[in-house]
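Please read the structure below before turning to the comments.
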2 protein chains.
Amino acid sequence: MKNTQATIRDLALKLNISISTVSRALRNAPDVNPETKKAVLALAEQLHYEPNRVAQSLRIKKTKTIGVVVPQIAMHFFSSVISGIQEYAAQHGYSIMICQSLESLDTEKSNIHMLVSNRVDGLLISLSSETTNVEHLEHLLAKKIPIVLFDRITDALPVSKVVVDDHDGAFTAVDYLIRTGCHRIAYIGGPEGLSISNQRLQGYRDALQKHGLPLLPDYIVHCTDLQHGATDATRRLLDLPGRPDAIFCMNDPMAILAMQVLRERGVRIPDDISLVGFTDEPVSRFIEPALTTVAQPAYTMGQAAARLFIGQVEQPDNFTPRQEVLPTELIVRGTTRRL
Amino acid sequence: MKNTQATIRDLALKLNISISTVSRALRNAPDVNPETKKAVLALAEQLHYEPNRVAQSLRIKKTKTIGVVVPQIAMHFFSSVISGIQEYAAQHGYSIMICQSLESLDTEKSNIHMLVSNRVDGLLISLSSETTNVEHLEHLLAKKIPIVLFDRITDALPVSKVVVDDHDGAFTAVDYLIRTGCHRIAYIGGPEGLSISNQRLQGYRDALQKHGLPLLPDYIVHCTDLQHGATDATRRLLDLPGRPDAIFCMNDPMAILAMQVLRERGVRIPDDISLVGFTDEPVSRFIEPALTTVAQPAYTMGQAAARLFIGQVEQPDNFTPRQEVLPTELIVRGTTRRL
DNA sequence: AACGGTGCCGGAAACGTTCTCGAACATCAA
DNA sequence: TTGATGTTCGAGAACGTTTCCGGCACCGTT
């Protein structure tokens with residue numbers, strides 16, 4: 001009894017045929033006798049033979065593995081994206097290898113090194129909030145390693161990307177706020193370099209402009225700390241001489257932090273201040289009052305990223321970078337006034 | 001200019017030394033001249049050489065990769081566990097490959113095949129709710145493939161396991177319910193074969209018994225559909241002649257479904273019926289009323305599973321299966337009466 | 001001068017596949 | 001009989017490493 005995995009060689013020996021023939025039989029090649037083929041397949045079944053993907057990969061120089069880097073696995077948005085990636089990938093014979101950058105550029109780099117060492121066929125990346133310089137990604141492109149960016153993207157790279165329509169989502173949300181009677185609307189965003197934050201900021205700006213409202217620098221706050229920065233930001237906004245009557249936050253966790261500060265200070269929502277988030281985390285519909293937010297299709301984004309990637313590696317000839325923009329949807333709940 | 005990854009051979013050629021020497025230099029072997037070593041490392045740096053893990057794996061018969069199978073990535077509990085696994089693994093030089101069974105036994109099997117084909121060094125598994133028969137896992141053990149089970153485990157396998165103290169968590173929760181004056185307590189659980197559901201059921205039973213309360217079969221409902229079954233289950237409980245005055249649910253999502261049914265029917269929480277969940281999802285503290293629940297340390301569980309696994313593969317000599325039981329904590333919130 | 005030890009290095013096999021080339025044989029038509 | 005064609009198969013190289021084994025040069029000791 002062998003206590004190890006059977007190899008193609010074991011099959012060949014036992015059947016008294018050559019390794020090449022076994023290989024052909026397993027891959028259903030045309031030039032092999034149907035009888036031999038049947039014998040090989042039967043024995044493979046019997047010995048629980050599993051082809052050694054490591055050896056295959058070395059030989060054919062493809063691993064059928066996709067490297068995925070996200071800032072934080074345990075965020076609902078990202079785990080949903082991953083779920084979409086994983087399902088699409090599995091359906092097309094790909095495995096996925098996952099890393100989290102934890103919003104650190106250094107960790108992102110070392111993640112990527114690890115994945116490249118593992119010779120993944122390419123990378124699906126959502127950038128850390130620290131990542132403003134993308135030299136490490138340019139190196140990969142120089143080595144012809146395909147990359148698809150999603151959600152947290154950069155314009156500096158000629159690769160396929162999939163995002164939600166951040167500008168439009170923000171524009172719609174802020175437009176809605178204005179139409180419910182808010183005129184002093186603040187924005188709490190992420191660090192300056194973060195693509196999604198800037199896109200959403202631009203949507204906010206354009207909505208104000210459309211309605212002829214002034215753009216006050218004091219009303220725009222950038223948080224470098226994505227986890228807790230929103231608390232301070234909200235406090236600062238409340239202490240302003242002209243207190244805002246609405247706050248639009250870059251994402252739901254920030255909006256929830258803001259909500260807690262507002263509650264602390266006895267500010268009524270939405271009567272005194274309206275609040276809008278982004279993402280539609282599962283929490284948001286259950287919180288009191290339920291959070292008005294911009295929903296983004298996370299699972300679909302994952303599928304799209306995987307689809308673009310596999311399309312690129314399986315038909316490299318007619319490939320050009322493509323940017324896919326997914327629609328968002330404003331979900332009106334209790335933190336905004338009625339129209 | 002090469003448009004492909006540099007190999008050890010490229011380094012050797014360029015430095016006019018042998019492949020063996022380069023290999024030794026890179027692995028910091030003792031029997032290589034410090035000067036040569038320096039030259040090799042310098043050139044490696046310059047050419048952005050990354051060792052080919054695929055070739056290494058084939059040669060040394062270890063991939064330094066852990067296969068992970070969970071029912072559903074996009075559940076907060078599991079994504080937290082994965083986060084813990086990933087971090088611990090990365091710190092110890094391991095990559096992780098992730099699959100989701102989507103609560104299907106067939107998918108679980110094909111996931112495992114894929115991972116085994118990739119020659120992962122072993123598997124970290126949380127069983128699907130459909131998995132009652134574990135022959136497919138016994139096959140792996142016969143092939144000496146290490147397995148560590150977490151959360152959704154089975155007693156049928158002599159492998160390391162990490163769970164939370166489901167019995168104790170349930171016992172504490174139900175004991176608390178009784179001490180707040182509830183006497184007709186129902187349990188909504190998962191399918192019959194699900195380890196965590198049965199453990200929690202036993203904790204529930206023992207708490208009732210401790211207080212001399214009767215065990216009514218009508219008060220115990222098993223849901224095969226983990227996603228939506230709790231809705232029907234709650235309706236059935238409410239229609240019972242002797243309506244319960246408390247419901248203990250196997251997890252938070254089920255408790256939230258139950259809560260919605262209660263609200264629909266105009267039942268007051270906790271005055272008419274108390275409600276307790278399990279897991280402490282992020283939602284649970286924000287929902288109104290905030291859900292009393294049993295918190296489990298998901299991230300720690302992931303770390304522990306990875307730790308047990310790596311311990312097993314790196315010191316196989318003194319290995320014996322170990323079961324690690326993590327403590328839970330009852331978080332009292334608004335869905336239960338005060339003591 | 002011969003010897004053993006040490007430091008450094010190269011050759012070559014092996015890991016489990018895929019794939020190209022060509023061999024061996026049968027069949028068939030001329 | 002010859003040559004052409006087709007079917008089935010095997011030999012062997014290659015993918016990029018690691019590692020065993022042995023070789024050479026140099027040193028100090030006897």
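We name chains A, B, ... by the order of the sequence lines, and we start the count at 1 in each one.
Counting to the nearest Å, the P atom of D:dG16 and the CG atom of B:Asp10 are 8 Å from each other. For the pair A:Ile17 CD1 and D:dA11 C1', the computed distance is 15 Å after rounding to whole Å. Between the CG atom of B:Leu58 and the P atom of C:dT17 there is a distance of 9 Å, given to the nearest Å. For the pair B:Lys64 NZ and D:dT17 C1', the computed distance is 16 Å after rounding to whole Å. For the pair B:Ile19 CD1 and D:dG16 P, the computed distance is 10 Å after rounding to whole Å. Atoms CD1 (B:Ile60) and P (D:dT19) sit 7 Å apart, rounded to a whole Å. Taking atom CD1 of B:Ile8 as the reference point, atom P of C:dA14 lies 19 Å away to the nearest angstrom. What separates CG of B:Leu15 from P of C:dC8 is a distance of 17 Å, to the nearest Å.
At a non-hydrogen distance threshold of 4.0 Å, B:Tyr49, B:Asn52, B:Ala55, B:Gln56 from residues 46-56 of chain B come into contact with DNA chain D. Contacts of residues 24-43 of chain B with DNA chain D (heavy atom under 4.0 Å): B:Arg24, B:Arg27.
Classification of B:Glu87 and B:Arg307 as a salt-bridged pair fails, no side-chain N sitting under 4.0 Å from a carboxylate O. Between A:Glu50 and B:Arg119, none of the side-chain N atoms (NZ, or NE/NH1/NH2) sits under 4.0 Å from a carboxylate O, so this pair counts as no salt bridge.
Shortest non-hydrogen contact noted between A:Thr300 and A:Leu326 is C-CD2, 4.1 Å.
Remark: A:Asp155 CG is loosely packed, at most 12 non-hydrogen atoms of other residues, nucleotides or ligands lying under 6.0 Å away. For A:Lys37, the NZ atom counts as densely surrounded, since its 6.0 Å shell holds more than 12 non-hydrogen atoms of other residues, nucleotides or ligands. Within 6.0 Å of the NE2 atom in B:His136, the count of heavy atoms belonging to other residues, nucleotides or ligands exceeds 12.
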Mind running salt bridge (Lys or Arg N to Asp or Glu O under 4.0 Å) on A:Glu108 and A:Arg152 for me, showing each step along the way?
CA-CA 13 Å; A:Glu108 181 175 297; A:Arg152 310 260 203 96; over 6 Å; no
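Considering only the side chain of A:Ser18, D:dG10 comes nearest among C:dG10, D:dG10, D:dC15.
Looking at heavy atoms from C-beta onward, A:Leu141 lies out of side-chain contact with A:Ile145 at the 4.5 angstrom threshold.
For C:dA14, the OP1/OP2 oxygens have no side-chain nitrogen or oxygen of B:Lys61 closer than 4.0 Å. Contact check, B:Ser23 against D:dT17: no side-chain N or O comes under 4.0 Å of OP1 or OP2. A close approach under 4.0 Å does not occur between any side-chain nitrogen or oxygen of B:Lys62 and OP1 or OP2 of C:dC15.
Looking at heavy-atom distances under 4.0 Å, A:Thr7 makes contact with sugar-phosphate atoms alone, never a base.
A donor N or O paired with an acceptor N or O is found under 3.5 Å between the base of C:dG11 and the side-chain atoms of B:Ser20.
For the residue pair B:Gln5/B:His48, the side-chain donor-acceptor check at 3.5 Å is not satisfied.
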